[in-house]
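Residue numbers start at 1 and run along the sequence shown.
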Amino acid sequence: MDNKKYKIGYYLPPKMEYDWVKKDHIEKAPQWCSVDLRDGNQSLVIPMSLEEKLEFYKMLLKVGFKEIEVGFPAASETEYEFLRTLIEKNMIPNDVSVQVLTQCREHIIRKTFDACKGAPSAIIHFYNSVSVAQREQVFKKSKEEIKKIAVEGAKLVKQLASEYEGNFRFEYSPESFTGTEPEYALEVCNAVLDVLEPSKDNNVIINLPVTVEMSMPHIVASQVEYIHKNIKYREFVTISLHPHNDRGTGVADAELGLLAGADRVEGTLFGNGERTGNVDVVTLAMNMYSHGIDPKLDFSNMPELVSTYEKCTRMHVHERSPYAGSLVFAAFSGSHQDAIAKGMKYKEEKHSTIWNVPYIPIDPKDIHRTYDADVIRVNSQSGKGGIGYLLEQTYGYVLPPQMREHLSYLCKSISDHEHKELKVAEVLDIFKTTYFDRSSPLSIDEMHFHQKEDGVNADIAVTLNGTTRMININGNGSLDAVSNAIKSLTKQVYKLKVYTEHSMQNSGSGSSAVAYIGIEWPDGHMSWGAGINTDIIKASVSALTSAFNNK
């Protein structure tokens, strides 16, 4: 690796003001434009078919995009036919604009207008590269010659918009903006605007693409701020951002660019696009949402969105992709699980409407995710808090703390030995198999209780190793009497150390009682049992015999 071959390729504005630094958050959603069907599609190994593009387009409408770049119709027959299909089949809603891309070349611009004929609302997005590297290496043209290309393109789109049937807006991009001297990019944009003559009824979009990321995000923000403060016709100009992600900071470029005065963002779902991709609109919008800002995009069914995206693009949403990845809410760590469980309990007890649960930045339910499948995940690193929380939230079992700990070690051991994650249904199965209905070597077959002034007298039928005996015994209560009968028959010594119970609503007509018992043996170790029955005494006795048999 030879770092000496690289040098800074970006250019600073002549004046750095940094007013955007004084803002601590984005106050409102930008105008959004999806470029999935162009920028995203052209970067796919297998570009989408017409049918796939139509399915994707419908999904974008459902999400709430009001501006959708549908293609480069002069460059691809599929993209031309796609646009014509949308127009001829009246598939463009009244409040939605389709956007088409064209270079500043006459024959391409003319074919673009042919494709857009009759569009109810279309944005003609024309561009040419103005960067130092492109001027010197690709076009070998002077600044004046490059500016002339942009101006001539503006003249032609303006002329054709008046000749063709349809409702047209204009967007101009100085491609590779961040690799261009900001004062020269400003000069070119102003020259284009002088031709297009922005007004109250003729809003023009100036798009500032981070075609290739070259700098840290604060430099991008300063470049955007310079244009925002110095461009002509600012009242009638929409400043748009189009960040790519070469340095992995596309979202930061967009966020700081919005603070610096931009009004609009072009991006793709999950950041699909050339090289490392475009800015991820999902992350950008959900970041706003997590700050209490309505992003004006609907991601309330994230799993469905991911499924359609993966089906149409043949791409994969990474498990750690912010908000959308299958593991982004997952907590395997015992300490994390415990904090989440306590945070959820605190929110419930306080009846709080504000989401502030440790480790979970937004409520997973907001995007159609579930706590049991997506948040608390059980493996060899998990803890008692998380496992207990899963059983309580999913199935209604509220285990005493020491029993939760016992179950957690058991689950962790199984996960460790089998080298796998345990699903919540598997945790339930382990819980039931371990603690319920343990009837060997000892079981209680029959119970008759007689209330006395100082307690209970009972006739208990106890089976031990296949032999049944009826025992008459006293106790200070029903459960104590059964325990005394067991001790009398088995000659075992133990202490009934933990007893808890709660009701649990069945799916049927009644309510069951659940009992949990921990008994302590002379050597200090605990054994546990649980029982469930509509009769609390029977539930308690079942828990006691299970705990005894678990010695």
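- Taking 4.5 Å as the limit, every side-chain heavy atom of Pro120 sits out of range of all side-chain heavy atoms of Asn94.
- When all heavy atoms of Ser43 and Asn272 are compared, the closest pair comes out as OG-OD1, 3.5 Å.
- Within a 6.0 Å radius of NE2 in His368, no more than 12 heavy atoms belonging to other residues, nucleotides or ligands are found.
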**Item:** Trace of the side chain to side chain contact (heavy atoms under 4.5 Å, CB included) decision for Leu391 with Val427
**Value:** CA-CA 8 Å; Leu391 286 177; Val427 173; 4.2 Å; yes
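- Ion pairing between Asp298 and Lys62 fails under the 4.0 Å rule for side-chain N and carboxylate O.
- The aromatic rings of Tyr397 and Tyr516 sit perpendicular, their planes meeting at an angle over 60°, well past the 30° parallel limit.
- A salt bridge does not link Glu213 to Arg247: none of the charged side-chain nitrogens sits closer than 4.0 Å to a carboxylate oxygen.
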**Message:** Could you go through Glu274 and Gln42, starting from their C-alpha distance and side-chain angles, then the distance that decides it, and tell me whether this counts as side chain to side chain contact (heavy atoms under 4.5 Å, CB included)?
**Reply:** CA-CA 8 Å; Glu274 297 278 19; Gln42 74 170 355; 3.1 Å; yes
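- The two residues Pro358 and Gly343 make their nearest non-hydrogen contact at CD-CA, 3.9 Å.
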**Request:** Verify salt bridge (Lys or Arg N to Asp or Glu O under 4.0 Å) between Glu79 and Arg84, making sure each step is shown before the conclusion.
**Result:** CA-CA 9 Å; Glu79 297 193 6; Arg84 292 312 307 161; over 6 Å; no
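- Put simply, the side chain of Val63 does not reach to within 4.5 Å of the side chain of Leu60, judged on heavy atoms.
- Between Glu255 and Lys23 there is no salt bridge, since no side-chain nitrogen of the basic residue lies less than 4.0 Å from a carboxylate oxygen of the acidic one.
- Remark: side-chain polar atoms of Thr490 are paired, donor with acceptor, to backbone N or O of Ile486 under 3.5 angstrom.
- With hydrogens and angles ignored, the 3.5 Å screen pairs a side-chain donor or acceptor of Thr433 with a backbone N or O of Asp429.
- With rounding to the nearest 0.5 Å, the separation of OG1 in Thr370 from CZ in Phe329 is 11.0 Å.
- Panel note: side chain His502, backbone Val398; a donor-acceptor pair is recorded below 3.5 Å.
- Residues Gln451 and Val456 form a side-chain contact, since some pair of their non-hydrogen atoms from C-beta on lies under 4.5 Å apart.
- Residue Glu446 comes nearest to His448 through the heavy atom pair OE2-NE2, 2.6 Å, listed as atom of the first residue, atom of the second, then distance.
- Although no hydrogens or angles enter the test, the distance criterion places a donor-acceptor pair under 3.5 Å between the side chain of Asp36 and the main chain of Leu269.
- Scanning both residues, Ile444 and Thr545, for their nearest heavy atoms gives CG1-CG2, 3.4 Å.
- By the 4.5 Å heavy-atom criterion applied to side chains, Pro30 and Trp32 are counted as neighbours.
- Taking CD1 from Ile519 and CG from Leu544, the interatomic distance works out to 6.0 Å, rounded to the nearest 0.5 Å.
- A donor-acceptor pair under 3.5 Å is formed between the side chain of Thr276 and the backbone N or O of Asn245.
- Taking 4.5 Å as the limit, every side-chain heavy atom of Ile517 sits out of range of all side-chain heavy atoms of Trp528.
- Side-chain N or O atoms of Ser527 include one that pairs as donor or acceptor with a backbone N or O of Ala547 at under 3.5 Å.
- We find the CG-NZ distance between Leu37 and Lys53 to be 5.5 Å, quoted to the nearest 0.5 Å.
- The two atoms that bring Asn278 and Gly273 nearest to each other are ND2-CA, 3.3 Å, heavy atoms only.
- The aromatic rings of Tyr359 and His336 lie parallel to each other, their planes meeting at an angle below 30°, with 60° marking the opposite boundary.
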**Message:** Set out, in order, the CA-CA distance, both residues' side-chain angles and the distance that settles side chain to side chain contact (heavy atoms under 4.5 Å, CB included) for Glu501 and Ile536, then state yes or no.
**Reply:** CA-CA 8 Å; Glu501 64 179 67; Ile536 185 58; 3.7 Å; yes
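- Between Ile471 and Leu489 there is a side-chain heavy-atom pair separated by less than 4.5 Å.
- The main-chain N or O of Leu390 is found under 3.5 Å from a side-chain atom of Thr394 such that the two form a donor-acceptor pair.
- Within the 4.5 Å cutoff, the side chain of Pro295 has no heavy atoms near those of the Lys28 side chain.
- In terms of heavy atoms, Ser321 sits closest to Asp280 at OG-OD2, 4.4 Å.
- Looking only at distances, no side-chain donor or acceptor of Ser439 sits under 3.5 Å from a matching main-chain atom of Ser443.
- Salt bridge Asp294/Lys296: present, at least one basic N to carboxylate O contact under 4.0 Å.
- Phe270 contributes atom CZ, which lies 11.5 Å from atom CE of Met315 (distance to the nearest 0.5 angstrom).
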**Request:** Would you check, one step at a time, whether the test ring-ring contact (aromatic ring centres under 6.0 Å, His included) holds for Phe299 with Tyr323?
**Result:** CA-CA 10 Å; Phe299 295 126; Tyr323 302 103; 9.3 Å; no
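- Side-chain contact check for Leu305 versus Asn301: every heavy-atom pair is 4.5 Å or farther apart.
- Residues passing the salt bridge (Lys or Arg N to Asp or Glu O under 4.0 Å) test with Arg369, sequence neighbours excluded: Asp374.
- In terms of modelled atom types and a separation under 3.5 Å, the side chain of Glu310 and the main chain of Val317 share a donor-acceptor contact.
- Heavy-atom contacts from other residues, nucleotides or ligands closer than 6.0 Å to CD of Gln492 number more than 12.
- Judged by distance alone, with hydrogens and angles left aside, the side-chain atoms of Arg404 form a donor-acceptor pair with the main-chain N or O of Leu399 at under 3.5 Å.
- Using a 4.0 Å cut-off between charged side-chain N and carboxylate O, Lys311 and Glu55 make a salt bridge.
- The aromatic rings of Trp521 and His525 sit parallel, their planes meeting at an angle under 30°, below the 60° perpendicular limit.
- Thr434 OG1 to Leu410 CG: the interatomic distance, rounded to the nearest 0.5 Å, is 4.5 Å.
- Salt-bridge check for Arg264 with Glu266: passed, with a basic side-chain N closer than 4.0 Å to an acidic carboxylate O.
- Under 4.0 Å is where a charged nitrogen must lie from a carboxylate oxygen, and between Lys342 and Asp338 at least one such pair does.
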**Message:** Determine whether Leu61 and Tyr57 satisfy the following criterion, side chain to side chain contact (heavy atoms under 4.5 Å, CB included), listing intermediate values before the conclusion.
**Reply:** CA-CA 6 Å; Leu61 292 178; Tyr57 171 76; 3.6 Å; yes
**Asked** Would Asp253 and His244 count as a side-chain hydrogen bond (donor to acceptor under 3.5 Å, both in side chains) if you check the C-alpha gap in whole Å, the side-chain angles of each, and the deciding distance to 0.1 Å?
**Response** CA-CA 9 Å; Asp253 289 342; His244 280 252; over 6 Å; no
